[in-house]
Structure formats: structure tokens, C-alpha cells
**Student:** 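The structure under discussion is supplied below as C-alpha cells; questions concerning it will follow.
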Amino acid sequence: MAKATGFKTPKGTRDVGPPDSARWQALISAFEREAQLANYGLLHTPIFEDIGVFQRIGEGTDVVQKQMWDFLDKGDRRMVLRPENTASVCRSFVQQRPIVPWKIWYQGPFFRYEEPQAGRQRQFNQLGIEVLGSSDADIDVEAIALGSRFLERIGLKRVLLLINSMGDVETRLKYAQAVQDYLRANLGDIDREDHEKIEAHPLRVLDSKRPNTRKVTAEAPRVEQFLSVEAGAHFDRVQAGLGSLGISFAIEPRLVRGLDYYTHTLFEYQSSALDTAQNALGGGGRYNGLVEELGGPDTPGIGFAMGVERILLACDAEQAFVPPDTAPVVWIIDVTDGSSARDLTHELRSTGVSADRSFDHRSMRSQMKAADRSGAAWAIIVGDQEVASGVVTLRNLRESDDQKTIERSQVVAYLVEVLSQR
RNA sequence: GUAGCCGUAGCUCAGUCGGUUAGAGCGCCAGGUUGUGGCCCUGGAGGUCGGGGGUUCAAUUCCCCUCGGUUACCCCA
């Protein structure tokens with residue numbers, strides 16, 4: 001417990017240190033590899049932006065209405081810590097005007113000012129991709145497949161892929177009207193807490209978790225009946241593509257997602273291994289109006305974001321993606337004046353062998369304990385006898401207790417040789 | 001923003017129906033073994049019992065407030 005005068009991480013934030021940080025890095029690397037395999041480039045955007053960038057994602061959304069972590073800078077500009085990345089990427093696209101299709105991936109911290117709970121932090125990390133400049137349904141397939149492949153490759157098995165379509169803007173408007181009419185007609189059977197949403201955001205009532213509302217929405221009109229010919233063809237092509245790639249999915253007519261910019265394809269990856277309220281590992285969809293909203297040309301886009309913390313929670317639940325081994329290969333035990341430890345660690349590191357040592361002239365027992373605890377495979381022991389004879393003692397700490405005497409001048413080359421044979 | 005539960009050593013937790021120096025296990029440090037880790041034994045360090053206020057002769061314990069954690073609503077990653 002922190003002292004009265006001590007500081008702690010701010011509410012809804014946490015430190016991530018060893019060994020968790022190594023696992024976290026490995027997860028990012030796994031995603032980076034997946035992105036590179038599909039020729040996506042890395043885009044870093046600022047962690048804060050003008051508040052207007054994010055207001056474009058929908059005035060009626062919770063993200064904009066109550067979760068924006070905004071502040072005035074010293075020039076009286078209204079800034080906001082980014083709550084998501086799609087709007088930033090579109091802002092960047094408008095500013096840079098890269099050639100299309102622009103395929104980028106990203107990773108980093110995001111911020112939403114809300115009450116923390118399981119799988120929900122005020123600062124959290126997302127990784128994801130965006131593609132701007134193509135309305136080809138095969139890009140939808142590529143994006144969805146990339147996410148599925150990533151989750152599969154890190155060892156998650158209990159993942160459900162849900163998809164839906166919102167159609168184009170006209171479809172969406174007509175469908176929203178139909179849903180609203182239907183909900184109004186069944187007002188009495190809908191949980192009271194959802195009544196307000198019926199008027200403000202009828203589509204969002206569809207993913208309400210309240211039992212009475214769910215009974216009503218199960219029978220709600222389906223979007224298929226409202227899809228234009230083009231929108232229907234697009235959705236058909238996406239489904240056929242996923243089928244061709246052998247990716248299993250379920251159509252979820254009530255999947256609407258909370259951001260207003262989505263059109264056409266919507267998708268979400270859910271973990272059935274998590275029994276918390278937040279079981280969505282990630283989600284995304286197509287947004288064909290957002291670039292224009294931000295002052296650019298009419299440009300289609302699609303992408304998804306996944307929550308790093310949630311993925312790791314799911315990995316814990318499935319006992320997948322174990323932390324990588326970060327132990328040094330060699331530990332130097334020097335019971336003379338420490339000079340050998342100083343020089344040998346440097347030599348080993350220079351040849352690419354990880355090595356560490358104790359400091360502060362600890363006892364041999366203490367140094368051996370430290371070597372054991374570190375997980376090192378080898379110990380190099382240097383005492384007065386060794387120094388006098390120009391040798392060191394090389395001890396195997398893992399497979400056996402074998403140890404042997406070896407020339408001081410040979411030991412580094414010897415270890416490099418032994419390690420190369422693995 | 002709202003509600004429930006919870007804040008006692010670095011970690012996981014006992015405990016105190018209010019009463020002299022607040023405990024355990026694990027971890028850490030040292031010793032048993034002045035050249036050998038993992039097992040075992042011994043010892044040690046480390047807490048203003050989350051913070052503030054109130055009641056009381058006396059508060060870690062009771063009351064209020066506050067901060068934080070946690071779970072849920074809402075919503076999302």
C-alpha cells in the first residue's frame with residue numbers, strides 16, 4: 001500500500017513491467033508480423049488531437065458525449081487524448097494524401113474517461129489496421145481475415161467472429177426508421193432504460209443486453225430487406241470470401257456497434273473464454289463517409305481495432321501465448337574484486353550472448369542464488385584459484401550440474417560454439 | 001455518472017465483540033556451508049492497519065467524508 005505521501009498510477013491506469021511487459025511486446029510483434037505479411041505499413045499519429053477530429057465520429061455516441069478526455073492547451077486550443085484511432089488515421093490521410101489503397105497498421109495507447117472495470121481501463125492499448133481508398137469487398141475480407149489469423153496464431157481458440165451489414169447511407173436511414181417504428185409499436189415490452197434510445201438512436205437499441213428488450217429485438221426487422229442491390233452484393237461477396245478462406249463466422253443482425261460512422265460491413269471478434277461483461281476482443285467495419293467529414297475527398301475506408309489488454313485476458317483464460325523467456329544465457333559469478341564479471345559480461349554481450357552478474361561484492365552463495373533465480377543456463381565462476389591459473393569454471397545450471405575448467409581466453413568462443421549447436 | 005463489495009508488511013491474507021510492543025505464509029536479506037544455486041534449518045529487515053474528520057479515557061476496530069481497487073449498469077477495445 002502506498003504511503004500517504006506516495007503517488008500511485010492514476011485511476012484506470014497501470015504499470016506494465018517484467019514479465020508482463022515482455023509478453024505484451026511479443027503480442028505486438030505477432031501483430032506486426034501479420035500486418036507486414038499483408039503489406040500494411042506502420043502509422044504513428046499523435047496521442048492527442050484537436051477535439052474536432054473526434055467529434056466527427058458521431059455527436060450522439062458515448063465516446064463523444066461523455067468519454068472524451070479533453071483539455072485546453074496553453075494556447076487555449078481544445079485538445080483531446082485520442083479515444084480511438086480511425087478518426088486520426090482519416091485526419092492523417094486528408095493531411096498527407098498518400099496513394100491509395102493506403103494500408104496501415106498501428107499500435108498504442110488510447111484514452112477514455114469512464115469508470116474502470118474488467119477489461120476496461122482509462123488508458124488502454126489497441127492494435128489495428130485501416131485501409132483507405134478502396135470499396136472492394138475483398139478488402140473487407142482481407143481485413144477480417146488478418147484479424148482472425150492473428151488471433152488464431154497467438155493460440156486463441158474460443159473466438160467467435162460476428163458480422164453484419166449496415167448497407168449504404170440510404171439503407172441505414174431507411175432501416176433505422178423501420179426499426180424505430182417497430183420499437184415504438186412495442187414500447188410496452190421494452191425495458192424502460194432503453195426508451196430514450198429509441199428516439200435518439202434506434203439502431204443502438206438492437207444491441208441492448210436487457211432481457212425484455214432482447215426479446216423484442218429478436219423479432220425486429222432485419223437489415224437484409226432494406227439493403228440496396230449494391231449493398232446486398234457487397235455483403236454477399238464478403239460472406240463468400242470468408243467462406244472461400246475457410247473462416248467461420250456468424251451473421252448477427254443485431255450487431256450495430258457504437259460509432260456512427262459505420263456503413264456496410266460490421267464485424268466483431270468475441271471471446272467465449274471471457275465471462276466478463278466486456279468480451280469483445282476487437283471490432284471494426286467500413287466507414288465510407290468519414291474522410292469526407294474531415295474535409296477530404298469522398299474516400300471509402302475499412303478497419304478494425306483490438307484491445308491488447310482484453311486479448312491478454314483471453315489468453316490467460318485459455319492459457320495461451322505464454323510469456324517469452326527473457327532469462328540471460330550466462331551469469332558471471334565473481335568472488336574476487338568483480339573485474340572478471342565486468343569484463344566477461346561485456347565480452348559476451350559484444351558477441352551477442354546475453355549475460356548478467358551480481359553487483360556489490362555479494363557472497364558466492366548469494367551470487368549462485370541470483371544466477372539460479374535469473375533462469376540463466378550457464379554460470380561462469382571466477383575465484384582466486386581461477387584467476388591465478390588463467391581459467392574459469394563453467395557450470396551448467398539447467399540440464400545437469402556438470403562443471404568444468406576452461407581457459408579464460410577460450411570461454412566466450414566456447415559458449416558461442418555450444419549455443420550455435422542448439 | 002450510479003450501485004454493491006473490498007482497502008492490515010513487496011505479494012496473498014488472518015486478526016482486533018475498542019484496551020499494553022499488530023500476526024502468518026510466500027518473497028527479500030544474512031547465516032548454517034569464509035568456492036557452489038535449487039531442498040532444509042535459524043535469524044533479520046520491512047506496517048504511522050489507504051487518507052481526513054468525529055465519538056471515546058483510549059480507534060487498525062464504531063460513525064461520517066474522501067481517495068483507491070474490484071464487479072456491474074451504460075458503452076466499448
Side-chain angles (χ1 to χ4, degrees), chain A residues 1-14 57-58 60-67 82-86 107-128 147 191 193-194 196-197 201 204-205 207-210 255-259 268-271 274-284 304-314 331 333-336 358 360 362-387 392-398 400-403 405:
Chain A
M1 211 43 61
K3 297 256 162 46
T5 50
F7 295 108
K8 293 192 284 189
T9 52
K11 182 172 185 165
T13 68
R14 56 182 47 158
I57 68 184
T61 65
D62 280 9
V63 169
V64 169
Q65 280 188 347
K66 52 188 196 189
Q67 295 170 358
R82 59 185 190 183
E84 58 111 52
N85 209 32
T86 304
Q107 166 280 129
F110 294 86
F111 307 84
R112 289 182 199 172
Y113 198 91
E114 53 186 337
E115 291 304 309
Q117 64 183 73
R120 203 175 74 182
Q121 295 275 298
R122 285 186 172 183
Q123 176 174 340
F124 56 100
N125 288 275
Q126 286 189 343
L127 36 79
D191 288 285
E193 291 87 344
D194 287 320
E196 236 177 86
K197 271 196 294 188
H201 281 280
R204 207 153 308 145
V205 178
D207 66 358
S208 169
K209 279 179 284 193
R210 295 177 205 285
L255 179 66
V256 291
R257 305 192 54 78
L259 301 172
E268 188 168 295
Y269 303 95
Q270 284 186 2
S271 169
L274 292 177
D275 53 6
T276 54
Q278 276 69 232
N279 63 351
L281 301 178
F304 68 74
M306 295 195 188
V308 172
E309 290 84 353
R310 284 187 193 178
I311 290 171
L312 289 175
L313 282 175
W331 195 275
I333 287 151
D334 184 340
V335 284
T336 64
S358 298
D360 302 309
R362 303 274 191 180
S363 68
M364 184 171 202
R365 172 198 178 98
S366 169
Q367 292 191 49
M368 282 298 291
K369 280 176 84 105
D372 185 50
R373 194 163 40 208
S374 76
W378 301 90
I380 294 177
I381 301 168
V382 186
D384 293 330
Q385 292 166 24
E386 283 86 352
V387 171
V392 298
T393 298
L394 182 63
R395 182 178 174 88
N396 189 320
L397 295 174
R398 298 300 151 208
S400 68
D401 291 352
D402 296 343
Q403 66 180 45
T405 302

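Since this is a predicted model, take the numbers as computed values, not measurements.
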**Student:** May I have the distance from Gln403(A) (atom CD) to rG37(B) (atom P), rounded to whole angstrom?
**Tutor:**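 That distance rounds to 11 Å.
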**Student:** Starting at CD of Glu115(A) and ending at P of rC73(B), how long is that distance when rounded to a whole Å?
**Tutor:**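 Rounding to the nearest Å, CD of Glu115(A) and P of rC73(B) are 14 Å apart.
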**Student:** Under 3.5 Å, is there any donor-acceptor pair linking the side chain of Glu386(A) to the base of rG35(B)?
**Tutor:**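 Looking at the base of rG35(B), it does pair with a donor or acceptor on the side chain of Glu386(A) (distance under 3.5 Å).
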**Student:** Sort out the partner of rU61(B) for me: Watson-Crick or G-U wobble, both distances under 3.5 Å, none otherwise.
**Tutor:**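 The base-pairing partner of rU61(B), which may sit in any strand shown, does not exist here.
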**Student:** May I have the distance from Ile333(A) (atom CD1) to rG35(B) (atom P), rounded to whole angstrom?
**Tutor:**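 So the two atoms are 13 Å apart, to the nearest Å.
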**Student:** Using purine N1 to pyrimidine N3 plus N6-O4 or O6-N4 for Watson-Crick, or N1-O2 and O6-N3 for G-U wobble, both under 3.5 Å, which nucleotide pairs with rU70(B)?
**Tutor:**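 Across any shown strand, rU70(B) pairs with rG4(B).
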**Student:** I want to confirm an ordering. Mapping Gly282(A) and Arg120(A) to their closest nucleotides on RNA chain B, which one lands closer to the 5' end?
**Tutor:**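 Between the two, 5'-proximity favours Arg120(A).
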**Student:** Roughly how many Å is it from CD in Gln117(A) to P in rC73(B), rounded to a whole number?
**Tutor:**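 From Gln117(A) CD to rC73(B) P: 6 Å.
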**Student:** Rounding to an integer number of angstrom, what distance separates rG46(B) and rG10(B) when you compare their C1' atoms?
**Tutor:**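 That atom pair is separated by 9 Å.
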**Student:** Rounding to the closest angstrom, what is the interatomic distance between rG69(B) and rU12(B) at atom C1'?
**Tutor:**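 15 Å, rounded to whole Å.
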**Student:** Can Asp372(A) and Arg398(A) be counted as an ion pair, charged N to O under 4.0 angstrom?
**Tutor:**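 So Asp372(A) pairs with Arg398(A) through a salt bridge.
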**Student:** Should Arg112(A) and Glu84(A) count as an ion pair when the cut-off is N to O under 4.0 Å?
**Tutor:**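 Result for this pair is no, no salt bridge flagged.
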**Student:** Remember a base hit wins even if backbone is also touched, and classify Glu84(A) as base, sugar-phosphate or nothing at under 4.0 Å, heavy atoms.
**Tutor:**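 No contact.
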**Student:** What is the distance, to the nearest angstrom, from the CD atom on Gln123(A) to the P atom on rA77(B)?
**Tutor:**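 Rounded to whole Å, this separation is 17 Å.
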**Student:** Does Phe110(A) lie flat on the base of rA77(B), that is, centres under 5.5 Å apart and planes under 30° off?
**Tutor:**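 No, Phe110(A) does not stack on the base of rA77(B), since the centre distance and plane angle fail the 5.5 Å and 30° test.
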**Student:** Whether Ser366(A) contacts rA30(B) is assessed here as follows: a side-chain N or O lying under 4.0 Å from the phosphate OP1 or OP2. Is that the case?
**Tutor:**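 For rA30(B), OP1 or OP2 has a side-chain N or O of Ser366(A) closer than 4.0 Å.
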**Student:** Between Asp384(A) and Ala280(A), name the one whose nearest nucleotide on RNA chain B is closer to the 5' end.
**Tutor:**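 Of the two residues, Asp384(A) wins.
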**Student:** Is it possible for you to check whether Arg82(A) lies under 6.0 Å from the centre of the six-membered ring of Phe111(A), through NZ or CZ, and within 45° of that ring's axis?
**Tutor:**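 Not flagged: Arg82(A) not positioned over aromatic ring of Phe111(A).
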**Student:** Taking only side-chain nitrogens and oxygens of Arg373(A), does any of them come within less than 4.0 Å of OP1 or OP2 of rC28(B)?
**Tutor:**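 So the side-chain polar atoms of Arg373(A) do come within 4.0 Å of the phosphate oxygens OP1 or OP2 of rC28(B), strictly under.
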**Student:** Show, in sequence, the C-alpha distance, side-chain angles and deciding distance for Trp378(A) and Leu394(A), and conclude whether the side-chain contact (heavy atoms from CB on, under 4.5 Å) test is met.
**Tutor:** CA-CA 7 Å; Trp378(A) 301 90; Leu394(A) 182 63; 3.8 Å; yes
**Student:** Looking at Gln278(A), I'd like to know whether one of its side-chain N or O atoms comes within less than 4.0 Å of OP1 or OP2 on rA77(B).
**Tutor:**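 Checking Gln278(A) against rA77(B): no side-chain N or O falls below 4.0 Å of OP1 or OP2.
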**Student:** Measuring from the side chain of Gln67(A) (C-beta onward, heavy atoms only), which nucleotide among rG68(B), rC75(B), rU33(B) has the closest atom?
**Tutor:**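 So the side chain of Gln67(A) is nearest to rC75(B).
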**Student:** Using the P atom on both, measure rG53(B) against rG44(B) and round to a whole Å.
**Tutor:**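 rG53(B) and rG44(B) have their P atoms separated by 35 Å.
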**Student:** First locate atom CD of Glu309(A), then atom CZ of Arg120(A), and finally report the distance between them rounded to the nearest 0.5 Å.
**Tutor:**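 Those atoms lie 13.5 Å apart.
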